[in-house]
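Here is the structure we will look at, set down as structure tokens.
This chain uses plain numbering: 1 for the first residue, then up along the sequence. In each ligand, atom 1 is the first atom listed, and ligand 1 is the first ligand listed.
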Amino acid sequence: MQPDVIVVGAGTAGCVVARRLIDAGRSVLLLEAGSDNNSTPQITDPSRMHELWDTGVDWGFRTVPQKHAHDRELHLPRGKVVGGSHALNGMIWVRGHPTDYDSWGPGWSWAEVKPVFERIESVQDVITAYDRHPVHESIVDAAMQNGLPFNENYNGDSQDGVSFVQLTIRDGKRLTTAQAYLDPVRDDPRLRVVCSARVHRLLMSGSRCVGVEWDRGGVVSRASAAEVVLCAGAIGSPVILQRSGIGDPALLGALDIAVTAPIPDVGSNLQDHWLVPVVFATVRPVAIPAGLPTCQSHLFWRSRPELTVPDLQPIHFATALVSPWMASPAHGITLMAGLIRPESHGTVRIASADPGRAPLIDPRVLSAKADLDALTAAVDLCREVGAQPALREGWGARELYPASMAATPELTRDYIRETVVTYHHQVGTCAIGQVVDPCLRVHGIDQLTVADASVMPIVPTGNTNAPAAMVGERAAGFLTVGTAA
Ligand SMILES: Cc1cc2nc3c(=O)[nH]c(=O)nc-3n(C[C@H](O)[C@H](O)[C@H](O)COP(=O)(O)OP(=O)(O)OC[C@H]3O[C@@H](n4cnc5c(N)ncnc54)[C@H](O)[C@@H]3O)c2cc1C
């Protein structure tokens, strides 16, 4: 098969891109490093997502030691299976704040992307009505007792307030873009999906990308195509570019990789959202039945009232999420203090030309003091919500962490450095403007597009799966219809 287009990565965006290219009559070779087995109960049952980390479907990335987080190496789970990170994620559907897209460049204004979200939502089920766990009803009540408004639809006119989350679930099972977009065209003769195919590098002819090289069970194969679309995610896409000689000449030179295109910003501008656990023991048992995730409510709020856009998004879990050093209660809940407009930015760099070596991922978490301040406000807010009667009296909720570990502002900051974890929203490493143009074509290279979370120049105000799917739809439009799609 000599496809029209090679798509690398069958994750959230890659499945959308492949499907829309097939719809437009193109032949597609879709290469995925992980397996095709996304129908295990651990993936399909939304209540079991916590069982997936550090298994065969997780790339299991670790950051380099984080200087501002007590030198901890943070786990960054990423999906390695058809469905990508959507097969591992919390299934929460958030379009983002309208102003998020203003800085993305021509073609990306809210007026232009809003209809794209609506189109995706006509393919990708997003459920808003489900059997909410009573503890989430109480968490929402507690947030309102603490002065927050209830927001029926945070994907509507305003994000602000406490809400029940909207979820990508169908009939009690996780619904990824692999199922919603890819599965309906699986039998189309123009589509070939090759799994366990780890792409090592791009094949270049001068400044033209003419194909890719991959490894499958120790066998190296190559294919050429008129277009290559990288959908390997915010870690995978910059890594493939760097290994292909597209990146910072200083890095490539140090690793003895010939420079194909000097683009210093490949792998820079890594952004993520951050979470800090506020854990409560409850007297009443809390158990989530199969078919729904433990996280069913969240809130959007501001660390400072003068901010025009929410910078906090605590998410709430009907279970005690404790670190190994913490005491685990018999029953509990966790209000995860969430920062969603971080100032700290980092990098993704290959460590060597050897594709077997893990990349060096340095998000530089909490390197900006503003992030520590905002997370402190988020922790304070979660502590206040947990102390409200709906939880204190209704469930016997008692704060376990940070509790006395936040007795002073300095201790609170220390607790944050000790417990901060990823919110799983890495973006920005092949950013529009820096690495790709607004049509997602890599600067100075012909026939090469990047279409995944890596192109987002600023991390959206909210979870990143819906924006990644939106990027996939836009990319396919750029490739098939042109810039006005
Ligand atoms: C644990 C977790 C929870 C999350 N919760 C939520 C949530 O509730 N809501 C939300 O909106 N977002 C959530 N996210 C984030 C969201 O899932 C991601 O932003 C989104 O899936 C990114 O899509 P993508 O297409 O950029 O990358 P991915 O979906 O990660 O897809 C990349 C694909 O490329 C493949 N790949 C990578 N390198 C190669 C290579 N060299 N060769 C071949 N294939 C390769 C990968 O295996 C993967 O399948 C979560 C993420 C995680 C990990």
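Summarising the local packing, CG of Asp131 is surrounded by 12 or fewer heavy atoms from other residues, nucleotides or ligands at distances under 6.0 Å.
The stretch residues 155-164 participates, sequence neighbours left out, in these salt bridge (Lys or Arg N to Asp or Glu O under 4.0 Å) pairs: Asp160-Arg302.
Nearest protein heavy-atom contact of atom 6 (C) of ligand 1 is Asn89 CB, 3.4 Å. The nearest heavy-atom contact from the protein to atom 29 (O) of ligand 1 is Ser85 N, 2.9 Å. Nearest protein heavy-atom neighbour of atom 52 (C) of ligand 1: His424 CB, 3.4 Å. Looking from atom 22 (C) of ligand 1 to the surrounding protein, the closest heavy atom is Ala468 CB, 4.0 Å. Nearest non-hydrogen protein atom to atom 19 (O) of ligand 1 is Thr464 OG1, 2.7 Å. Among protein heavy atoms, atom 49 (O) of ligand 1 sits closest to Glu32 OE1, 2.6 Å.
At a threshold of 4.0 Å, the pair Glu213-Arg201 counts as salt-bridged, since one of the basic side-chain nitrogens sits closer than that to a carboxylate oxygen.
A tilted orientation is assigned to the rings of Trp104 and Trp108, their planes being inclined by 30° to 60°.
Residues forming a salt bridge (Lys or Arg N to Asp or Glu O under 4.0 Å) with Glu118 (at least two apart in sequence, or on another chain): Lys114.
Per-residue contacts place Ala197 under 4.0 angstrom from the following atoms of ligand 1 (heavy atoms of the residue considered): 42 (N), 43 (C). Those atoms of ligand 1 with a heavy atom of Gly233 less than 4.0 angstrom away are 26 (O), 27 (O), 32 (C).
In this structure, Val239 has no heavy atom closer than 4.0 Å to ligand 1. Distances from ligand 1 to the non-hydrogen atoms of Trp59 include at least one value under 4.0 Å.
Backbone and side-chain nitrogen or oxygen atoms of Ala453 are examined, and one is located within less than 3.5 angstrom of a nitrogen or oxygen of ligand 1.
Closest non-hydrogen pair, Val123 versus Ala180, comes out as CG1-O, 3.6 Å. Nearest approach of Ala453 to Gln426, heavy atoms of both residues: CB-O, 3.8 Å.
If you check the side chains of His86 and Asn465, you find a donor sitting under 3.5 Å from an acceptor.
Between Gly79, Gly11, Gly96, Cys15, it is Gly79 that holds the heavy atom closest to atom 46 (C) of ligand 1. Of all the listed residues (Cys231, Gly9, Ala33, Cys195), Cys231 holds the heavy atom that lies closest to atom 32 (C) of ligand 1.
Residue contacts with ligand 1 for His200 are absent, since no atom lies close enough (heavy atoms, distance under 4.0 Å). Heavy atoms of Trp214 found under 4.0 angstrom from ligand 1: none, in either backbone or side chain.
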